[in-house]
Amino acid sequence: MPILLVEDNERLAKLLKQGLEKASFRIDIVDTATDAIDALAAVKYDVVILDLGLPDEDGLTVLRTMRQRGDTSPVLIMTARGSVQERVAGLDTGADDYLVKPVALEELVARINALLRRPGTLMGTALRLGNVTLDTTARQVFVDERPQILSSREIMILENLLRRSGRVVPKNFLENGLYGFGDEVSSNAIEVYVHRLRKRLADLGANIEIHTVRGVGYMIGEGKAAQ
Amino acid sequence: MRLHFQSIIARIAALYIVTVAAACIAMPLALYYLLKSAVDELHRSGLAEQATEISRFLHFTEGKWELRLPSELADAFAEAYGRYSYAVIDRDGRVLFSSLSSQAPLTERDPLRGDAFYFYRKRDAKDIAGASVPFTIDGNRIWIQTAEDLAHRDVQIDDVVAEFFPRVGWITAPFLVVLLLIEIAIVRSGLRPILAASHLAARIGPMATDIRLPESGIPHEILPLVHAVNAALDRLEQGFRAQREFTANAAHELRTPLAILRTNVDLLSDDITVKALRQDIDTMSRLVDQLLNAAETDALVIGPTETADLRAVCTEIVAYMAPLAVKLGKSLAIAEDSAHVLIRGNADFLGRAVRNLVENALSHTKPGTTVEVRVTADPAILVLDEGPGVPMAEREVIFQRFWRRDQRRRGNFGLGLSIVSRIADAHRGWVSVDNRPTGGAVFSIQFDPSVVIAMSETSPGDVQPSGQSPQSAGKLAGAPHVTAGYQT
């Protein structure tokens with residue numbers, strides 16, 4: 001899984017490469033926008049980590065060139081520029097994530113993994129959290145490597161939560177998923193399914209937890225091991 | 001009393017109307033006077049000529065004066081005709097000949113004065129104009145008086161004078177009014193570039209500092225003003241640019257070493273020292289964020305077309321902050337009966353304000369409690385917690401920059417709430433804090449109703465996708481990463 005790191009600060013680039021290689025990513029480093037554009041034309045990268053303050057041109061030029069070429073590789077902007085306008089400009093230009101330096105290595109690895117988990121980037125990936133694994137191709141849930149039987153609606157909800165683990169999934173997003181089953185969605189349908197899924201996971205001894213963010217949606221995270 | 005006119009056109013028009021009114025009166029009067037004196041002059045020379053005409057038929061023969069007027073001349077002077085009259089007077093003042101049966105002189109003034117003169121008098125209730133002209137005929141001095149009844153004066157010439165006012169005199173009025181209108185049109189077209197420049201100047205603000213007033217087409221008299229304004233704008237733009245550059249440079253200069261430091265420390269194996277170092281770096285990073293945020297917020301100006309859906313803003317922040325709340329063992333929620341209010345405002349900065357309030361609430365409450373965000377139709381954003389509340393004495397000062405209750409507390413620089421206050425201010429709102437009857441604090445950002453663009457209240461428990469604002473639904477559902485926009 002090659003990652004392109006576009007960063008002009010030599011020391012930071014070296015340290016990041018070291019840290020990310022520890023997390024078993026393969027890293028290529030370039031330090032100018034021109035080199036980045038050339039590298040992206042030659043190699044298909046799974047993720048691009050892009051600094052904005054480059055010596056030759058603005059990092060957004062690299063992003064714009066990529067999107068114009070039809071290159072949809074996920075781009076994570078990692079920059080010292082943190083103003084509201086700059087974030088909005090970055091995301092509007094087509095960045096998939098925007099981090100302001102300094103970024104904890106752990107956080108960076110999590111964000112890269114989140115980008116790689118995206119639907120469309122890698123189909124048929126196994127989603128894993130705690131002792132729960134979801135094979136998205138086989139639609140099969142494992143707890144502690146043992147296959148379990150869950151309803152297709154529960155799997156749909158679990159998949160959406162796992163794809164964004166550690167982040168809130170809006171309730172209406174899950175509701176749209178239910179429409180996909182041709183269901184009449186009553187006002188509390190999602191609550192009912194989430195409640196059922198939560199109980200089911202607890203019964204199976206899963207050490208993950210579904211948190212309710214009232215008024216917004218749900219979030220899955222590692223919890224204390226269920227008894 | 002002095003009249004003040006705001007517009008140049010009104011000023012010019014007022015001066016012009018006064019001038020025109022004066023001209024309307026003075027010009028016909030002057031013309032009338034000139035015309036009348038010209039006509040009078042004509043009459044006088046006519047009378048003198050008549051006297052000369054009579055003198056040609058006057059002879060002194062053998063110590064006796066003789067006057068033999070041809071019949072057509074005699075007819076003109078006939079008393080019956082009544083228009084003209086004459087009298088011939090000798091050096092002794094005797095009337096020798098007269099067209100009048102009374103044989104009286106035509107004027108009571110001493111006729112024997114040396115020079116010719118003209119006179120006006122009344123005779124039998126008639127206005128008479130006359131002339132007395134001396135002649136020397138056959139070596140003898142003699143005076144011939146001629147007179148004309150003004151009632152019969154030369155009709156054509158008199159008509160010209162009499163008709164002058166109603167006919168000709170008043171032509172000047174409309175003529176001058178037309179001139180006034182033309183004048184206004186000229187001034188208006190002359191002022192048009194200034195008007196255009198004014199429209200352009202109205203668009204200048206902190207968001208658009210690159211506009212300059214055009215100098216072509218501006219009248220010379222006003223050009224210095226335009227020059228001065230443009231020069232002032234140059235300096236202003238420089239100031240804004242310097243501030244933006246400073247913030248950008250400071251961000252780069254401060255964050256890059258922190259990033260190197262942080263990555264370096266992250267590569268070390270976990271132990272107590274490394275953990276402490278990480279916390280220090282986090283604290284330092286947070287201070288840098290807050291300082292830059294404060295600098296950025298100070299320069300905040302709401303653009304005329306910016307709108308923000310308060311519920312969508314709050315939903316996004318709650319979604320973004322929820323993982324932290326969960327990590328701290330606390331709940332974060334949006335009140336489901338929150339109103340949907342669209343206001344004139346900057347959604348990103350409002351989000352930052354809500355985030356600071358939520359962060360503040362999360363840092364002052366115990367695990368197991370809930371922080372709730374609520375949008376009311378007032379409109380207002382409320383952040384309610386179940387913490388200890390805020391003592392009465394601190395309710396004003398906590399919004400001041402750098403105020404801290406506990407100076408030793410890590411990561412609190414007394415900037416967060418002052419940023420909220422500044423953002424509320426920029427939205428014509430104000431922030432306040434109160435304690436809930438059930439305990440806990442409630443922070444509210446109250447907006448002036450004038451900033452509301454649209455509103456729709458939802459009934460409690462309405463969780464249909466259609467009940468969600470399309471903006472919030474779209475942003476959260478379609479692109480969850482957008483919440484990263486609030487991360488620092």
Side-chain angles (χ1 to χ4, degrees), chain A residues 9 11-12 14-16 18-19 22 53 76-88 90-91 95-106 108 111 114-115 163-164 166-176 179 185 187-188 190-191 209 211-217 219 221, chain B residues 247-248 251-256 258-264 266-267 278 281-282 285 289 292-293 296 315 318-320 322-323 325-327 331-336 338 346 348-349 351-352 370 372-373 461-465 468 472-473 476-488:
Chain A
N9 186 300
R11 255 191 95 199
L12 183 59
K14 246 156 95 183
L15 289 166
L16 285 171
Q18 207 179 323
K22 251 183 164 178
L76 190 161
I77 291 178
M78 191 166 71
T79 175
R81 301 182 197 168
S83 84
V84 165
Q85 282 87 351
E86 283 157 345
R87 288 163 196 277
V88 171
L91 294 169
D96 297 80
D97 208 342
Y98 194 107
L99 293 174
V100 176
K101 292 175 186 170
V103 182
L105 257 183
E106 202 186 342
L108 183 59
R111 297 294 181 123
L115 290 175
R163 281 197 188 280
R164 292 169 185 77
R167 299 202 211 177
V168 178
V169 179
K171 190 173 174 181
N172 65 327
F173 185 80
L174 297 176
E175 273 166 350
N176 289 342
Y179 283 117
V185 181
S187 64
N188 64 346
I190 286 294
E191 276 153 73
E209 212 177 326
H211 304 276
T212 304
V213 182
R214 184 158 48 82
V216 183
M219 188 182 98
Chain B
T247 313
H252 189 257
E253 295 306 322
L254 293 168
R255 281 175 173 146
T256 307
L258 279 173
I260 294 170
L261 197 58
R262 173 77 212 211
T263 314
N264 241 327
D266 280 349
L267 288 169
R278 265 191 208 142
I281 295 167
D282 283 347
S285 309
D289 287 347
L292 293 172
N293 275 354
E296 197 191 349
T315 303
V318 166
Y320 171 67
V326 166
K327 210 164 125 189
S331 293
L332 188 55
I334 280 267
E336 283 175 307
S338 283
N346 183 305
D348 300 301
F349 278 95
R352 183 175 278 182
T370 299
E372 190 187 64
V373 181
D462 180 4
V463 288
Q464 291 298 312
Q468 282 261 7
S472 106
L476 281 173
H481 59 273
V482 168
T483 54
Y486 291 100
Q487 200 251 344
T488 51

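Each chain gets a letter, A, B and so on, in the order its sequence line appears, and its residues count up from 1. For clarity, every value in this text was computed on a predicted model and none was experimentally measured. What's counted below: heavy atoms across the whole structure, side chains too, no hydrogens, waters or symmetry copies.
For the pair B:N264/A:R11, a side-chain contact is recorded, criterion being any heavy-atom separation below 4.5 Å from C-beta on. You'll find the side chain of B:S331 stays beyond 4.5 Å of the side chain of A:R214, heavy atoms only.
Contact of A:V88 with chain B is made through the side chain alone, with heavy-atom distances under 4.5 Å. Heavy atoms of B:I260 lying under 4.5 Å from chain A belong to its backbone as well as its side chain. Only the side chain of B:E372 comes within less than 4.5 Å of a heavy atom in chain A; its backbone stays farther off. Heavy-atom distances place the backbone of A:V103, and not its side chain, under 4.5 Å from chain B.
Counting heavy-atom pairs closer than 4.5 Å to chain B, the top-ranked of the candidates A:M78, A:K101, A:K22 is A:K101. Most heavy-atom pairs under 4.5 Å with chain A: of the set B:L258, B:V318, B:V326, this distinction falls to B:V326.
Residues A:G19 and B:L267 share a closest heavy-atom pair of CA-CD2, 3.3 Å. Across A:V168 and B:A319, no two heavy atoms sit closer than the pair CG2-O, 3.2 Å. Minimum heavy-atom separation, A:G166 to B:P323: O-CG, 3.1 Å.
Rounding to the nearest 0.5 Å places CG of A:L105 at 8.0 Å from CZ of B:R262.
Take B:R278 and apply the salt bridge (charged side-chain N to carboxylate O under 4.0 Å, His left out) test, not counting sequence neighbours, and it matches B:D266, B:D270.
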